[in-house]
Engineer: 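The following block contains the structure, expressed as C-alpha cells.
Protein chains get the first letters and strands the later ones, always in sequence-line order, with residue 1 at the start of each.
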Amino acid sequence: MDYKIIAHPNNSLSPKGAILLMMALAAITLVVGLGFTLAGAWLVMPFAGLELLAFGYAFYYVYLHTSDFESIEICENTVVVESKNYKTSTRLEFQRYWTQIMLREVDGGQTGIFIGSHGKELEFGRRFLDDEQRAKLTSELKEKLRTIK
Amino acid sequence: MSTTTVAHHDDHHDHHPTGLMRWLTTTNHKDIGTMYLTFSLIMFLVGGAMILGIRAELFKPGLQLMKPELFNQLIGVHALIMIFAALMPAATGFANWMIPLQIGAPDMALPRLNNWGFWLLPPAAILLTLPFTLALFGIGDGALATGWTFYPPLSIQGGIGVDFAIFSVHILGISSILGSINIIVTIFNMRAPGMTMMKLPLFAWGWLITAFLLVATIPVLAGAVTMLLTDRHFGTHFFDAAGGGDPILFQHLFWFFGHPEVYILLLPVWGFIPQILQTFARKPVYGYKAQVYSFWAVGALSVVVWAHHFFTAGMPVPALLYFMYSTMAISLPLAVMFFCWIKTMWKGSMSFETPMLFTVGWIILFGIGGLTGLVLADVAADAQYHNSYFVVAHFHYTLFAGGIMGMMAGVYYWLPKMTGHMYNEKLGKLHFWLTAISFNLTFIPQFFVGLAGMPRRIPDYALQFAEFNMISSTGAFILGLSQLLFVYNIISCIKGGEKATDKVWEGAQGLEWTLPSPPPYHSFTEQPVVK
C-alpha cells in the first residue's frame, strides 16, 4: 500500500461507554418503575419499558453509525475505494493506471469527488468532508496517483 | 506509505429547504432551537394573559369578572402552559441552539427525532387550551379545573378538560423524552476532540442532568395520568377511595415527577448563569468542579424529597422527618453554587449590560425563592403555610425569577449571536428594571397575605386581604405589560440593528463565540479541537 486516507465520524463515546451509559439509564428507569409497581402503580412500568426501548434504539442507531467510514487505498496496481454507511458496505477496486479522479459539481451546488475507470464510478467524501477539503483531497489524490509508483 | 485520517462528526446536511418547508421539515439544530424559543415566547404570552385575567378578578374582593369554575380552569391551565409550554421549551430551545455550538458538534445526534420533538408541542398546547373554545360552543364544561396537579378525587369527577389535559401531558412527555434522548446522545457522543466531560460548558452539564431527571420521572407522570384516565373511563380504582383506591398514591406519583420538574426547569439556567457572570465579571468561572458536583447532588436529592409537597396529607412521623431533612439538605449544594456565583463576581471587572442585570437580579430573587422554600420544608411551619398564598409567592420566586428571568438573561446574552444584531440596550435595561420592580410588587404582598392565612386558588377572599391583593394585581399588570418591551426588543433585533461581532461580549469564552454572528447554517464544517 502506497497511500491510504480514511474519513470517519468523530465519536466521543466508546462502545464500552455506550453500554455503561445504557445500563445506567436502565438502572434508573427500572428502579423507579419497580418501586412504584410495588406500591401499586404498576402502569408506570410499561412507560418505563417504552422509554428504555426508545433509548435502546437510539443508542443502537448511533452505534451502527459509529463504524461508518469512507476510505481510499492506493496500492501498487490498484485503487480500492470502500465505504460503510449504517448497515450498507461497498467496495470497488480500480486499476491504478486507468483510475480517474474528478471534482464535479453535484446537486445543491456542492462538489463531489468522483473516482472511476472503465464505466464504473464512485462518489467519495460527500458525507464527511466539506468543499474545501474535497478540493484539497482531489489535488492530493491526483498527485499521489501520478507520483507514487 | 502514508496514511491520513479525517475525522468528522457526521454527514453534512446539504439539503437546505426554504420557506415554510424549511421550518416544517428542518433537521437543523439552530432552526429547531429557534422554533422552540418562538413557541415558548408565544405560550409565555398566552399563559401570562390567563393570569392577568385571574389578577383582574382578584383586584377586589367579591366575584367581578368570572365564575369560580373559569377561575379554577385559568389557574390550572396557566400553570401547565408556563411549565410545559413556556419554560421547558425555552430551555430546550437554548439546548438546541447552544449545546452543539458549545461542544463543537455540527448538529444534534438525532436530527429527525429533534424535529419530531418540537412538532409534538403545538398539538399538545392546542389540546390543553381547546376545551375553553369547545365550552363556548356548548361542548364540555371547559378546561381542566383541578390546578396543574390533577389531584383526585376532583380529577376523577372533572369534565372533558381533564381528558384533554391527560393526552396533552402524554404528548408533552413524549416530546421531553425525545429531547432528552437527543441531548444525552449528543453530549456523550459528539463532543469535539479534547472536549472531555470535565471541560464541558456548565450549560451542557446542567442540561445533561436535566435529561437524566426527565428519564427518571416522565414514565411516572405518564403512568399516573394513565391510571387517572382508566379510573375515569374504564372502571379501575387506583385512586378512587370509593372503590378501595388511594388518592394519596396519586400525590406520591405526581410529586415524584413534580419536584424534580422544578430542577428540570432550573438546572439549564444554573448552567448558563455562571457563563454570563464570567463574561461580564471578566473572570473565569469560580469552582467549576464544585458546581458540576452540586448539579449532581441537587439532581440526586431532587428525586428523594417529593413528599414535602403534601406533608399535610398525613404520613408517619419518621417519613415527615425524613422528607423534611432531605429537603433541607438540598440547600447545601445550592449554597455551594451561590458561593461560586458570588465568588465569580468578586473583585471582577464588572459591567452591567442587560444580561448581567438580569443575572444579578436573578441571584437575589432566586435566593429569596430558595430561602422561603426552606421555611416550607419545615414540617411544623408548613402545617400553617400549606395551601396559602405564601406557597404561591415562594414558587413564583423560584420559577418566575429563577426560571423565566434566568431565561431572559439567556435571551439577551445569546440573541446577538443568534441574530447577528445587537438588541436595544436601553430598552433591555428598562425591561429589566420594570420586570424586577413589578415582580416584587406582585409577589411580596402575596407572602404577607399568605402568612395572614389567605388560601390559594380562590376567586374571592376576606376583606382583610383587599389592599395587598390590589397592590399585587397592579404589579402583575405592570409585569405583564413590561414583557411587551421584551417582545418588541427581540423582534427589532431579529429585523436589524447594530451588527454584532463574532465574540459579541468582550469577556465571552467558549466555542460558540468562535463562530460568526449569526453562525452559518452548518456550524462547524471544520472540526474544532479543544485544548
Engineer: Is any side-chain heavy atom of B:M108 closer than 4.5 Å to a side-chain heavy atom of B:M190?
Structural biologist: no
Engineer: Who in residues 12-23 of chain A is close to chain B, using a strict under-4.5 Å heavy-atom cut-off?
Structural biologist: A:S12, A:L13, A:L21
Engineer: What part of B:F188 gets closer than 4.5 Å to chain A, counting heavy atoms only: side chain, backbone, both or neither?
Structural biologist: both
Engineer: For the side chain of B:T236 and the backbone of B:T230, is there at least one donor-acceptor N/O pair under 3.5 Å apart?
Structural biologist: yes
Engineer: Ring pair (Phe, Tyr, Trp, His ring centres under 6.0 Å), that's the test. Do B:F323 and B:W306 meet it? Break it down for me.
Structural biologist: CA-CA 8 Å; B:F323 282 111; B:W306 70 90; 5.3 Å; yes
Engineer: I'd like to know if the side chain of B:D240 and the backbone of B:G245 have a donor-acceptor N/O pair within less than 3.5 Å.
Structural biologist: no
Engineer: Select one option (side chain, backbone, both, neither) describing which atoms of B:L253 are under 4.5 Å from chain A's heavy atoms.
Structural biologist: both
Engineer: Hey, which of A:W42, A:F36, A:Y61 has the most heavy atom pairs under 4.5 Å with chain B?
Structural biologist: A:F36
Engineer: Side chain to side chain donor-acceptor pair (under 3.5 Å) with A:T37: which residues, sequence neighbours excluded?
Structural biologist: none
Engineer: Measure distances from A:F69 to the heavy atoms of chain B and classify the residue's part below 4.5 Å as side chain, backbone, both or neither.
Structural biologist: neither
Engineer: Measuring centre to centre across the rings, with the benzene-like ring taken for any Trp, is B:H252 within less than 6.0 Å of B:F310?
Structural biologist: yes
Engineer: Heavy atoms only: give me the nearest B:L101-B:L511 pair and the separation to one decimal.
Structural biologist: O-CB, 3.3 Å
Engineer: With a 4.5 angstrom heavy-atom cut-off, is it the side chain or the backbone of B:I181 that approaches chain A, or both, or neither?
Structural biologist: both
Engineer: Among A:G49, A:A48, A:A41, which residue forms the greatest number of heavy-atom pairs with chain B at distances under 4.5 Å?
Structural biologist: A:A41
Engineer: Using a 4.5 angstrom heavy-atom cutoff, name the option from B:I174, B:L249, B:L178 with the most pairs to chain A.
Structural biologist: B:L249
Engineer: So which part of B:L214 gets closer than 4.5 Å to some heavy atom of chain A, the side chain, the backbone, both or neither?
Structural biologist: backbone
Engineer: Which of the residues B:G173, B:A216, B:P219 is involved in the greatest number of heavy-atom pairs with chain A at under 4.5 angstrom?
Structural biologist: B:P219
Engineer: Given the options B:I218, B:I177, B:T217, which has more heavy-atom pairs under 4.5 Å with chain A than any of the others?
Structural biologist: B:I177
Engineer: Keeping the roles fixed (side chain from B:R191, backbone from B:I187), state whether a donor-acceptor pair exists under 3.5 Å.
Structural biologist: yes
Engineer: Once you measure the plane-to-plane angle for B:F239 and B:F250, does it fall in the parallel (<30°), tilted (30-60°) or perpendicular (>60°) bin?
Structural biologist: perpendicular
Engineer: For B:N28, what residues pass the side chain to side chain donor-acceptor pair (under 3.5 Å) criterion, not counting sequence neighbours?
Structural biologist: none
Engineer: Below 4.5 Å from any heavy atom of chain B, which atoms of A:F55 appear? Answer side chain, backbone, both or neither.
Structural biologist: both
Engineer: Once side chain to side chain donor-acceptor pair (under 3.5 Å) is applied, do any residues pair with A:N77, and if so which ones, sequence neighbours excluded?
Structural biologist: none
